[in-house]
Structure formats: structure tokens, C-alpha cells
Amino acid sequence: MVGARPNFMKVGPVWKAIAARGALKQKLVHTGQHYGPKMSEVFFSDLGIPPPDVHLGVGSGTHAEQTAKAMLALEPVFASERPDLISVAGDVNSTLAAALVAVKMEIPLAHVEAGLRSFDRTMPEEINRVLTDRVSDLLLTPSPDADENLLREGTDRSRIFLVGNAMIDSLLQSLDRALATGTLEAMRLRAREYAVCTLHRPVNVDDPRALSRLLSTLIEIGRRLPVVFPVHPRTRRTMEQSGLLAVAEVERGLRLLEPMGYLELLALTSRARLILTDSGGLQEEATALGVPCLTLRESTERPVTITRGTNVLVGTDPARIMKEVERVLAERDCAVRVPELWDGKTGERIAALYEEWLGRKAT
Ligand code: UD1
């Protein structure tokens with residue numbers, strides 16, 4: 001089951017491994033939480049996965065609307081397909097919707113990327129993660145900290161499987177193709193001489209004052225090196241409504257773009273001097289790529305990107321961000337020890353586990 005942008009990179013490798021092994025039949029269901037060529041379709045072609053078997057067209061809405069619409073749309077699909085296992089990924093509203101429908105229909109549920117915790121209950125994703133994990137039969141974790149979180153919450157050890165990071169499979173499978181897109185050349189960017197920024201967390205982009213403060217900081221960074229900024233629709237909406245778009249558009253150091261496809265963005269991030277983000281996925285990708293990452297949040301559910309990787313939590317205070325930007329620009333190397341099992345084989349491990357678990361269940 002997929003629903004929103006970050007799901008595609010996590011589910012793609014699992015889908016491909018199951019297809020290649022040929023032992024299980026599978027169907028890909030897309031809720032349509034994210035939709036259209038730029039937020040959804042491009043990811044299927046970029047990742048080499050076929051269009052979904054079922055597309056539910058749920059679309060945008062409040063949390064309750066979106067989750068409820070997804071549940072209503074998923075229930076008849078699960079009822080007619082009656083699968084032996086439902087696999088969900090990540091922490092978006094569609095993930096929780098599918099999890100709730102599955103558990104109430106007594107269909108076994110597997111959660112890819114289980115156990116991550118920011119311990120910040122104001123984040124909708126944290127609620128989605130905690131609840132999905134509570135009702136999952138198989139908890140597939142990306143790193144040992146996730147196992148520890150689940151054990152601390154009383155999860156039975158026999159249900160937890162440390163399989164690694166499926167999103168990094170997508171990255172490793174796609175890097176050569178990403179660089180072959182010629183994105184840097186087309187944008188006249190030189191490797192390691194620009195920054196990439198993404199922002200979409202409600203706490204950063206829904207309030208025009210918070211967003212204005214961040215944009216001012218990005219403009220300041222843009223005086224040191226070009227900042228490439230693909231703008232999420234949520235962020236663009238606030239920028240348009242508050243007049244910030246017109247202010248930012250005239251800044252030469254800040255290059256505002258439409259949301260980018262997976263390969264184009266990977267081409268940019270892989271050769272960036274610096275990544276500034278509030279995305280969870282980009283923190284992990286930066287670690288796998290060895291590119292310095294400053295996370296514009298107060299917490300992260302992905303602590304291995306700090307302890308092992310390139311990530312530094314900087315929050316949103318302009319002085320703190322600028323200090324860290326200067327530090328990164330002054331440094332030659334960036335220490336990184338890519339976490340174990342972020343090795344491009346997580347999809348394969350998950351497919352093998354599903355086969356084994358379903359076989360075991362059948363006997
Ligand atoms: C969602 C996820 C978030 C994830 C992010 C990745 C939840 C709670 N949030 O946030 O965890 O990191 O996706 O991008 O599930 N919109 C469009 N086109 C689209 C999708 C959205 O224009 O294809 C606009 C709509 O105005 C919509 C707004 O963006 O209201 C927010 O979309 P939504 O899916 O609710 O949440 P995201 O902010 O994208």
C-alpha cells in the first residue's frame with residue numbers, strides 16, 4: 001500500500017524484490033493522498049515500478065477527512081482481495097488508515113520502517129507511527145534504535161525484525177540514472193558549490209511568520225552559495241497567501257522550483273555541498289550520500305543520522321543555522337559511518353521474510 005511521496009521509495013524495492021523472486025502474488029494499492037504528475041506519477045517511472053493496480057483517488061483534506069476517506073476506500077478493496085498480508089510503510093495518514101482497516105478485518109499487517117520515534121506528539125507522523133506499530137504483526141525496523149523503542153513500549157521481541165532501510169535501496173539502485181539526467185548541467189550548477197533546501201513540515205511552513213524567518217535565513221545563505229529550493233505545495237500555498245513568494249522570487253541566490261521527481265532531486269542532493277531540510281527521508285539520504293545535512297527541526301525520529309551520519313539538528317533559530325552553515329562550509333570532510341543494513345538489500349530481506357512468514361502461517 002502506498003499513499004504519499006515518501007512511501008514510493010520505501011515500497012518500490014520491496015515490490016521489485018517480491019516480483020523478482022516470484023513466490024508471492026502482490027497487488028499495489030495507492031490511496032492517492034499525493035496525486036498528479038509531480039507528486040506521484042513521476043515516482044513510479046523514476047523508481048521503475050509499474051502503475052498501481054488500484055488507485056483510490058483520496059486526495060487532500062484535513063487529517064480526519066484524509067484518514068477517513070482512505071479507510072472508506074480501502075475497506076472494500078481489502079474485502080474483495082482478501083490478502084494474506086498487508087504491507088504498509090512509513091508514517092503518513094494513508095499508512096495509519098490502511099493499518100486500522102487491516103487490523104479490524106483481521107488481516108495480518110507488516111510495517112516497513114517501524115519503531116522510529118521523535119517523541120514529539122505534535123507531529124502527525126508520530127501519532128501515525130505509534131498507532132501503526134501497535135497494531136502491526138510484523139515490525140520491520142531500519143536501525144537498532146527503532147528496536148529499542150519498540151521493546152521499551154512492550155512489543156514482543158518475536159515480532160521485531162531489523163531489516164535495514166528500504167529507502168536506501170532505492171537510492172543505491174537509482175544513483176547512476178539520477179546523475180545521467182544531466183540535472184546539474186541543465187541548471188548550471190557545479191558539484192559541491194550549491195545547497196539544496198526542502199521544507200514542508202506544518203510547524204515550519206503553515207505559519208507565515210515562521211516561514212518568513214526561515215526564508216530570510218535561506219536568502220542569507222544564498223549570498224554564500226546558491227540555494228536550490230523545490231517548493232512543496234503546502235509551502236507554496238503559504239508563500240502565495242502571505243506575499244512571501246514575491247519577496248523570495250527576486251532573490252538571485254535562492255532558486256525556487258516546482259516539486260521535483262525522484263531522480264532529479266537525487267542528482268541535486270548527491271552533489272550538493274549542503275542539504276537543509278525538515279524532511280525525514282532527506283536526513284537519511286544525506287547520510288547514505290555522505291553530504292552534510294542541517295535539519296531545521298527541534299527533534300528527529302532518525303537519531304542514527306546524527307550518531308553515525310552527517311546530520312545536525314539545528315532548529316529554526318537564524319543565528320544557529322548560520323553558525324552551522326559556516327562550520328560546514330569551512331570543513332573539508334564530513335565523518336560518516338553508514339549504518340549497518342543500509343546496504344541496498346533491504347527489499348530482498350523483506351521479501352524473503354514475507355515468504356517465510358506466510359509459509360509458516362499456512363502450515
Ligand atoms: C504528507 C505527510 C508527511 C510527508 C509529506 C511528504 C501526513 C500526515 N503527512 O505531508 O508525513 O512527509 O507528505 O511530502 O500524511 N498537495 C497538493 N498536491 C499533492 C499533495 C498535496 O497540492 O499531490 C497540497 C494540498 O494543498 C494539501 C497539502 O499539499 O492540502 C498538504 O498535503 P498532505 O498530503 O495533507 O500533507 P503533506 O504536507 O504533503
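Counting starts at 1 for both ligands and their atoms, in listed order. Here, residue 1 is the first one in the sequence, and each next residue gets the next number.
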Checklist entry - Starting from atom 32 (O) of ligand 1, which protein heavy atom do you reach first, and at what distance in Å? => result His34 NE2, 4.3 Å
Checklist entry - Would a line drawn from the ring center of Phe44 to the ring center of Phe8 be shorter than 6.0 Å? => result yes
Checklist outcome for this item: Per side-chain hydrogen bond (donor to acceptor under 3.5 Å, both in side chains), Asn128 is matched among Thr95, Asp91, Thr67, Asn93 by Asn93
Checklist outcome for this item: If we number the atoms of ligand 1 from 1 as shown, the ones under 4.0 Å from a heavy atom of Gln66 are 34 (O), 35 (O)
Item to check | atom 17 (C) of ligand 1: the protein heavy-atom neighbour that sits closest, reported with distance to 0.1 Å | outcome: Tyr35 OH, 3.4 Å
Checklist entry - If you measure from the Lys or Arg side-chain nitrogens to the Asp or Glu carboxylate oxygens, is any gap between Arg159 and Asp137 under 4.0 Å? => result no
Next on the checklist: By the definition side-chain hydrogen bond (donor to acceptor under 3.5 Å, both in side chains), identify the one residue from Thr141, Asp133, Thr132 that meets it with His111.
Outcome noted: Asp133
Checklist entry - Less than 4.0 Å between a side-chain N and a carboxylate O, is that true for Glu340 and Arg308? => result yes
Checklist outcome for this item: Nearest non-hydrogen protein atom to atom 6 (C) of ligand 1, with distance, is Pro6 CD, 3.5 Å
Next on the checklist: Less than 4.0 Å is my threshold; does some heavy atom of His63 fall inside it relative to ligand 1?
Outcome noted: yes
Item to check | Gly36 near ligand 1 by a heavy-atom separation under 4.0 Å | outcome: no
Next on the checklist: Given Ser40, Pro233, Ser60, identify the one with the heavy atom nearest to atom 27 (C) of ligand 1.
Outcome noted: Ser60
Checklist entry - For atom 9 (N) of ligand 1, what is the nearest protein heavy atom, given as residue, atom name and distance? => result Glu125 OE2, 3.5 Å
Checklist entry - How far apart are the closest heavy atoms of Asn7 and Ala89, and which atoms are they? => result ND2-O, 3.1 Å
